[in-house]
There are 2 protein chains.
Amino acid sequence: MSERRPGEIPEATVARLAVYLRVLTGLADDSTVTVSSEELAAIAGVNSAKLRKDLSYLGSIGTRGVGYDVTLLREKIASSLGLTQRRTCVLVGVGNLGHALAGYPGFSSRGFTFVGYFDVDPGRVGESIADSQISDISELESVVEANGVSIGVIATPAEAAQTVCDRLVDAGVTSILNFAPSVLTVPGNVDVRKVDLAAELQILSFHEHRKSRGLGDGLVESVG
Amino acid sequence: MSERRPGEIPEATVARLAVYLRVLTGLADDSTVTVSSEELAAIAGVNSAKLRKDLSYLGSIGTRGVGYDVTLLREKIASSLGLTQRRTCVLVGVGNLGHALAGYPGFSSRGFTFVGYFDVDPGRVGESIADSQISDISELESVVEANGVSIGVIATPAEAAQTVCDRLVDAGVTSILNFAPSVLTVPGNVDVRKVDLAAELQILSFHEHRKSRGLGDGLVESVG
DNA sequence: AACCGCTTGTGAACGTAAGAACAAAGTCGA
DNA sequence: TCGACTTTGTTCTTACGTTCACAAGCGGTT
């Protein structure tokens, strides 16, 4: 039963495809025509066998003895990720982080169009942001529905996140990117990805802690 | 050979411990004294068996028939993550995102102290930020060494990231949190975690794409 | 046209993680 | 003190992900 349906790409692979895509864009800018799995893997920071297996899920794209055509591979990855069509997004919560996200150039350059920025604070509504302006949260549903928005980005405080999430889902959003430090509950057809900034630092803290203790051998801290 | 040395906690578990910790803090604020694996797992959005296994790596903490003491568990997780000692950090690159990170309340409230904010832009140096001020990048090494900084946060453009990373590592930083969309190369004793904002959206895009195609059956898009 | 060197694509082995299920170990009430 | 009940800690099974190693396939060369 280890059969995988054609078109089924493992999660871990999908996450790396985004990295390969970025690397390939860089190579294309340098007018590189062809790249081997070994080279590409080195730049992307992964094992070359893993890279080849990842790419093999997209079909047989490379040429044996030669490598991969940069342009072709780039298109293939982009189409697998569904990046051939522009996707519309909304951002809810325009505090510090929300502002930064709104100004992040990587989004629009990669095919994501933000059609609305929302906040509850009346003081912020109307403020201009990233060649648009902040709308009141009450307009959320109408904007989502009018634009067929599929992705919602939540950058509110933790307390507001679930409510905002529910409203997004009710309005038709089927993918959520959550920056609020809270666990979201959603229906099964909705995908959530979370970015937990404090957790990232805590994970690094764990490794720091470990490094400063064990130093590689079977040493165990005696617990008082 | 599936023995795991005592004290060895799996990566996947470490990442979740940070989530449990946050949930437990919330429970403690509500004056909850005891919590069962089932309850805690529900709030944290994970399977209860997984949660129990995660916690079992920290030792036998719960009481059968009762559950876990919230305070005790919280302390145990915090100490496993090395959060009992405050960790000093520096932030390099104070653009939009850097500002947002500097203003993020979750860092200092969880034991992370930023002792320096750096940028190359002379126009920004001196600007006040999060009850401190922006320093010139040239001071990076001296600040890192003077404060025994162990964690560096990179929020520069992609082109600068590797150079900044090298400087941090040379100065003695052993953990890096990278927000720049680039792959960092570091010595083996240094840990890197990356947060790739555009990649997150692309992963969601993939799932959107998949939902709008297959709808759950063996349907395969015919490739022209 | 036959060979040679190179690189892909993949099968098999290994390691890590998730989930189900249950025995062990505790509390609480009588 | 004993028994019923609850919830943990852990074992076992299954799934997923990574890595190795190599046959298959292609371009260039003679």
Side-chain angles (χ1 to χ4, degrees), chain A residues 1-20 24 27 32-70 72-74 76-77 80 203 206-207, chain B residues 1-20 24 27 32-70 72-73 76-77 80 203 206-207 223:
Chain A
M1 290 288 152
S2 70
E3 287 297 295
R4 198 181 279 277
R5 289 210 307 271
E8 287 283 348
I9 304 178
E11 269 307 302
T13 293
V14 172
R16 284 188 297 265
L17 286 178
V19 176
Y20 304 154
L24 286 166
L27 289 174
T32 305
V33 177
T34 294
V35 68
S36 72
S37 65
E38 206 74 47
E39 293 166 322
L40 188 51
I43 306 175
V46 302
N47 178 304
S48 72
K50 180 151 65 176
L51 182 136
R52 286 198 298 278
K53 186 160 280 194
D54 284 343
L55 297 184
S56 76
Y57 293 115
L58 311 185
S60 217
I61 307 174
T63 308
R64 292 167 196 240
V66 177
Y68 299 90
D69 180 284
V70 171
L72 180 66
L73 181 53
R74 204 155 72 101
K76 199 80 183 172
I77 293 178
S80 299
I203 293 166
F206 170 81
H207 290 294
Chain B
M1 295 299 137
S2 68
E3 287 298 295
R4 197 180 281 276
R5 288 210 309 272
E8 287 283 348
I9 303 179
E11 269 307 302
T13 292
V14 172
R16 284 188 297 265
L17 286 179
V19 176
Y20 304 154
L24 287 166
L27 289 175
T32 305
V33 176
T34 293
V35 69
S36 73
S37 64
E38 206 74 47
E39 293 167 321
L40 189 52
I43 306 175
V46 303
N47 178 303
S48 71
K50 182 153 62 177
L51 181 136
R52 285 198 298 278
K53 189 177 286 191
D54 284 343
L55 297 185
S56 76
Y57 292 115
L58 311 186
S60 218
I61 307 175
T63 308
R64 292 168 197 237
V66 177
Y68 299 90
D69 179 283
V70 171
L72 180 66
L73 182 54
K76 198 80 181 170
I77 293 178
S80 300
I203 293 166
F206 169 80
H207 291 294
V223 189

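Letters A, B, ... mirror the listed sequences (proteins, then strands); counts begin at 1.
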* Side chains of A/Y68 and A/S36: does their closest heavy-atom pair fall under 4.5 Å? -> no
* Structure fact -> note: A/L51, atom CG; C/dT10, atom P; distance rounded to Å ~ 14 Å
* Asked: Taking C-beta and beyond as the side chain, do A/L17 and A/Y57 meet within less than 4.5 Å on heavy atoms?
  -> no
* Consider the side chain of B/E11, meaning its heavy atoms from C-beta on, and name the nucleotide among D/dG27, C/dT8, C/dA17 that approaches it most closely. => C/dA17
* To do: From the options C/dT8, C/dT27, D/dT8, select the nucleotide whose nearest atom is closest to the side chain of B/Y68.
  => D/dT8
* Structure fact -> When rounded to whole Å, the CD1 to C1' distance for the pair A/I61 and C/dG9 reads 11 Å
* With no hydrogens and no angle check, is any side-chain donor or acceptor of B/S80 less than 3.5 Å from a backbone partner on B/K76? -> yes
* Where the side chain of A/S56 is concerned, which of D/dG27, C/dT8, C/dG9 is the nearest nucleotide? -> C/dG9
* Asked: Can you find a heavy atom in the side chain of B/L51 that is under 4.5 Å from one in the side chain of B/L40?
  -> yes
So which protein N/O to nucleotides 18-21 of chain C N/O distances come out below 3.5 Å?
residue: C/dA18; atom: OP1; partner: B/R16; partner atom: NH1; Å: 3.1
residue: C/dA18; atom: OP2; partner: B/R16; partner atom: NH1; Å: 3.3
residue: C/dA18; atom: OP2; partner: B/R16; partner atom: NH2; Å: 3.0
residue: C/dG19; atom: OP2; partner: B/K50; partner atom: NZ; Å: 3.4
residue: C/dG19; atom: O6; partner: B/K53; partner atom: NZ; Å: 2.4

* Decide yes or no, distance alone: a donor-acceptor N/O pair under 3.5 angstrom between the base of D/dT8 and the side-chain of B/R64. => yes
* Side chain of A/S36 only, please: which of C/dA23, C/dT7, C/dT10 is the nearest? => C/dT7
* **Contact check, side chains of A/D69 and A/T63, non-hydrogen atoms, under 4.5 Å** => no
* May I ask you to test the A/V66-A/T34 pair for a side-chain heavy-atom distance under 4.5 Å? => yes
* Asked: Should B/L27 and B/V33 count as side-chain neighbours, where that means a heavy-atom distance under 4.5 Å?
  -> no
* Is any side-chain N or O of A/S37 closer than 4.0 Å to OP1 or OP2 of C/dT7? -> no
* Which whole-number value in Å describes the distance from A/L58 CG to C/dT10 P? -> 12 Å
* **Residue whose closest nucleotide on DNA chain D lies nearer the 5' end, B/L55 versus A/V66** => B/L55
* Asked: OP1 or OP2 of D/dG9 less than 4.0 angstrom from a side-chain nitrogen or oxygen of B/S60, does that happen here?
  -> yes
